[in-house]
Amino acid sequence: MLKQSFVSHNANALCFSISNPKFNLLIPPKKPNRLTSCALNVGLQDVTEVIHNKVLIAAGFSGAIGQLLKPFTSVVFYKKKLDFRTALQAGGFPSTHSSSVVAAATAIGFERGFDDSIFGLTVVYAALIMYDAQGVRREVGKHARVLNKLTTNARRGEEISLKGKEGESLESDEISEEVKLPLKESIGHTEVEVIAGALFGFLVSVGVYSFM
């Protein structure tokens, strides 16, 4: 009899703990959302520290100035018409991809030392970016130039037939339907543009650490 009353008492206590959140013994308290807690911990001081990050400043300034120079360098070096839309496009002189990564790598070298492993990592990253700019991206621009000429000739009435997947022949009209013409030709960079961008990024980084 005593054992039965003890069991029923425990069952009542268990039901009470489940129904009453104040005495909930089984369900653990919910942990606060990690994203919410991180957002609450970010204050004005953290935002100020990001603004004063010299690595970001050097990379951002070199990239922004390089892009703003492109409309004028295209006139001076390539004898093109002044077009301010080139400031928002890839390709051209100088390579802002190269300038940004070299500026970031140089700033990290100044900040952490040139024997630091993080500086070595950024140098490898910068080298890959510059190689890709004058390699793969440049070849993509060449291919786009050839395809634009082919589609232009097709519009003039010349027959063009290219081999597609599994040996199927693609006619000129089908080629025009599959892509948005004209294709962008200015995507990659020449070796001179890459070297100029790297040198520009280095000088910008030196200037940032000289005046800040």
*Check whether any side-chain N or O of S74 sits under 3.5 Å from a backbone N or O of K70 as a donor-acceptor pair, and report yes or no.*
yes
*For S99 and T96, work out which heavy atoms get closest and say how close.*
OG-O, 2.9 Å
_If you define the side chain from C-beta out and look only at heavy atoms, does anything of V192 sit under 4.5 Å from F93?_
yes
*Backbone of H97 reached by a side-chain donor or acceptor of S100 within 3.5 Å*: no
_Linked, directly or transitively: L68 and I65 (ILVMFWY side chains, under 4.5 Å)_ = no
*For S98 and M130, indicate whether the former's side chain and the latter's backbone hold a donor-acceptor pair under 3.5 Å.*
no
*Is it true that L69 and F77 fall in one hydrophobic cluster, defined by side-chain heavy atoms closer than 4.5 Å?*
no
_Main chain of H189, side chain of Q134: is a donor-acceptor contact present, judged purely on distance under 3.5 Å?_
no
*Search all heavy atoms of L82 against all heavy atoms of P71 and return the closest pair with its distance.*
CD1-O, 3.4 Å
*With L56 via side-chain contact (heavy atoms from CB on, under 4.5 Å) - residues at least two apart*: V50, N53
*Please confirm whether the backbone N or O of A103 pairs with a side-chain atom of S62, one donor and one acceptor, at under 3.5 Å?*
no
_Where at least one partner belongs to residues 107-140, residue pairs that pass ring pair (Phe, Tyr, Trp, His ring centres under 6.0 Å), sequence neighbours excluded_ = F110-F114, F110-Y209, F114-F119
_I'd like to know if the side chain of Q67 and the backbone of Q89 have a donor-acceptor N/O pair within less than 3.5 Å._
yes
*Basic-acidic side-chain contact under 4.0 Å: K81, D83*: no
*Give a yes or no on whether V123 and L203 share a hydrophobic cluster (residues Ile, Leu, Val, Met, Phe, Trp, Tyr; joining criterion: side-chain heavy atoms under 4.5 Å apart).*
yes
_T122: which of T106, D116, V102, I108 passes side-chain contact (heavy atoms from CB on, under 4.5 Å)_ = I108
*Could you pull out all residues at least two apart from F202 that satisfy ring-ring contact (aromatic ring centres under 6.0 Å, His included)?*
none
